[in-house]
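Within every chain, numbering begins at 1; the chains are lettered A, B, ... in the order of the sequence lines, protein sequences first and strands thereafter. These numbers come from a predicted model, not from an experiment.
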2 protein chains.
Amino acid sequence: MSLPHAILTALLEKPSSGLELTRRFDKSIGYFWSATHQQIYRELGKLETEGFIRTLPAEQSARGQKKNYEVLPAGRAELARWTAAAQDPKPQRDVLLLRLRAAAVVGTAGLEDDLRRHLELHRRQLAKYQEIERRDFPPDRGAPQDRLRHLVLRAGIDLETFWTQWLARAVAEVAELPTEGRD
Amino acid sequence: MSLPHAILTALLEKPSSGLELTRRFDKSIGYFWSATHQQIYRELGKLETEGFIRTLPAEQSARGQKKNYEVLPAGRAELARWTAAAQDPKPQRDVLLLRLRAAAVVGTAGLEDDLRRHLELHRRQLAKYQEIERRDFPPDRGAPQDRLRHLVLRAGIDLETFWTQWLARAVAEVAELPTEGRD
DNA sequence: GGTGGTTGTGCAACTAGTTGCATAAGCGCT
DNA sequence: AGCGCTTATGCAACTAGTTGCACAACCACC
């Protein structure tokens with residue numbers, strides 16, 4: 001139940017329309033909470049009826065007309081409440097690890113290519129994060145917000161670093177396994 | 001769509017009843033693919049009607065009676081197909097990172113305790129994995145299956161290591177931030 | 001011989017997220 | 001005036017996962 005809170009955060013950072021939000025979910029926020037435009041529009045509707053956000057008055061609401069939303073005090077309060085509330089980590093689900101475990105019983109045929117492809121994807125993502133770090137977080141330590149945002153980015157960088165290293169090792173191991181069908 | 005394949009993998013490792021599978025999903029497999037017993041029973045039913053698994057003949061099927069399932073050749077073939085097929089990594093979703101980002105706009109009040117709690121949980125999980133590694137994977141490198149399974153376990157260990165380090169840092173940063181309500 | 005806990009199976013309703021498609025306005029171009 | 005492209009909003013149906021509960025058999029034990 002975190003999508004509404006992701007949207008509130010994004011709108012507090014900057015009031016936006018549904019489409020602008022969608023674009024922002026394709027970068028920054030989307031790096032750790034992705035959402036499609038359909039989800040976002042649906043949720044904006046809910047948040048509005050709940051009184052957490054409202055459309056900025058200047059615009060009218062004909063279909064196909066841009067609507068800009070801003071967060072109301074109740075929305076900010078709800079976000080603060082949610083941020084402070086204890087939450088259990090939700091159980092992991094990782095398809096790639098599952099596939100490797102399956103490969104241990106049905107063989108690794110066909111797996112290596114996809115491992116390489118994933119490795120490449122993670123390398124790219126890592127490079128993107130490092131670029132953002134270089135651009136937005138020079139080493140001098142800024143305001144508290146920046147320190148927190150930098151911390152989040154560091155998590156992204158370290159996670160991608162882990163995956164590139166682990167995948168490199170996985171590719172190597174799979175490559176030197178007896179080629180086929182052993183079960 | 002990976003739950004059926006997780007179940008096929010588990011059943012190939014060892015034919016089991018629904019409840020036994022549930023227990024196994026609470027450990028080993030569940031470390032990277034969790035499922036409740038309801039999901040598992042539902043999926044076992046589907047897999048059986050699709051002809052991927054069958055109940056072992058010895059048992060009868062009255063309600064409340066144990067049913068042991070085994071994988072049929074079609075099931076093994078399906079698992080091999082799925083393992084080899086390319087799959088895109090699915091977008092990340094991490095509530096904790098989202099909360100930190102939210103904290104950057106609504107303040108970090110109340111967050112530190114929960115960060116500490118998560119740190120402790122990850123430390124425990126890391127210790128559990130390390131214990132498994134010590135017990136099941138002595139350094140001499142065994143059969144290919146074992147090498148793959150060890151690789152999967154290493155991913156778990158390295159991920160938990162990452163989280164403990166990152167959370168320790170996050171706790172430290174949040175602790176030394178101006179105490180409240182900024183912006 | 002009944003009561004209470006454990007083992008085992010399962011349905012129903014709900015929540016969250018995805019996919020596919022529809023609709024409308026505005027813009028440029030010919 | 002009409003055609004196609006982009007921007008923008010949104011509904012409907014589907015899939016996956018979660019929560020809550022029900023029910024049957026078995027076993028111990030008093």
In chain order, what residues pass the ring-ring contact (aromatic ring centres under 6.0 Å, His included) check against B:F137, with sequence neighbours excluded?
-> B:H150
Separation of D:dT9 P from A:L44 CG (nearest whole Å) = 9 Å
In chain order, what residues pass the side-chain contact (heavy atoms from CB on, under 4.5 Å) check against A:Q165, with sequence neighbours excluded?
-> A:T161
Protein-nucleotides 15-18 of chain C N/O pairs under 3.5 Å:
| from | atom 1 | to | atom 2 | distance (Å) |
| --- | --- | --- | --- | --- |
| C:dG17 | O3' | B:R93 | NH1 | 3.4 |
| C:dG17 | N7 | A:R42 | NH1 | 3.4 |
| C:dT18 | OP2 | A:Q39 | OE1 | 2.9 |
| C:dT18 | OP2 | B:R93 | NH2 | 3.1 |
| C:dT18 | O4 | A:R42 | NH2 | 2.3 |

Solution key, residues 91-107 of chain B side-chain donor-acceptor pairs under 3.5 Å, sequence neighbours excluded:
| from | atom 1 | to | atom 2 | distance (Å) |
| --- | --- | --- | --- | --- |
| B:R93 | NE | A:S34 | O | 3.2 |
| B:R93 | NH2 | A:S34 | O | 2.7 |
| B:R93 | NH2 | A:S34 | OG | 3.3 |
| B:D94 | OD1 | B:L96 | N | 3.0 |
| B:D94 | OD1 | B:L97 | N | 3.1 |
| B:R99 | NE | A:T83 | O | 3.1 |
| B:R99 | NH1 | B:D114 | OD2 | 2.8 |
| B:R99 | NH2 | A:T83 | O | 3.0 |
| B:R99 | NH2 | A:A85 | O | 2.7 |
| B:R99 | NH2 | B:D114 | OD2 | 3.0 |
| B:R101 | NE | A:E13 | OE2 | 2.9 |
| B:R101 | NH2 | A:E13 | OE1 | 3.1 |
| B:R101 | NH2 | A:S28 | OG | 3.2 |

Listed by chain and number, what are the ring-ring contact (aromatic ring centres under 6.0 Å, His included) partners of A:H122, not counting sequence neighbours?
-> A:W163
Using atom CG of A:L47 as one end and atom P of D:dG10 as the other, report the distance to the nearest whole Å.
-> 13 Å
Distance-only donor-acceptor hits, side chain of residues 37-46 of chain A, under 3.5 Å, sequence neighbours excluded:
| from | atom 1 | to | atom 2 | distance (Å) |
| --- | --- | --- | --- | --- |
| A:Q39 | OE1 | A:T36 | N | 3.1 |
| A:Y41 | OH | A:L19 | N | 3.4 |

With sequence neighbours excluded, residues passing salt bridge (Lys or Arg N to Asp or Glu O under 4.0 Å) with A:E133 | A:R154
Please evaluate the base of C:dG10 for a donor-acceptor partner in the side chain of B:H37 within a cut-off of under 3.5 Å?
-> yes
Residues passing the ring-ring contact (aromatic ring centres under 6.0 Å, His included) test with A:Y31, sequence neighbours excluded, are A:Y129
Over how many whole Å does the gap from A:Y41 atom OH to C:dT19 atom P extend?
-> 18 Å
Charged N-O contact under 4.0 Å between B:E131 and B:R134 | yes
Could you list by number each residue of residues 12-23 of chain B showing a heavy-atom separation from DNA chain C of less than 4.0 Å, or answer none if no residue does?
-> B:S17, B:G18, B:L19, B:R23
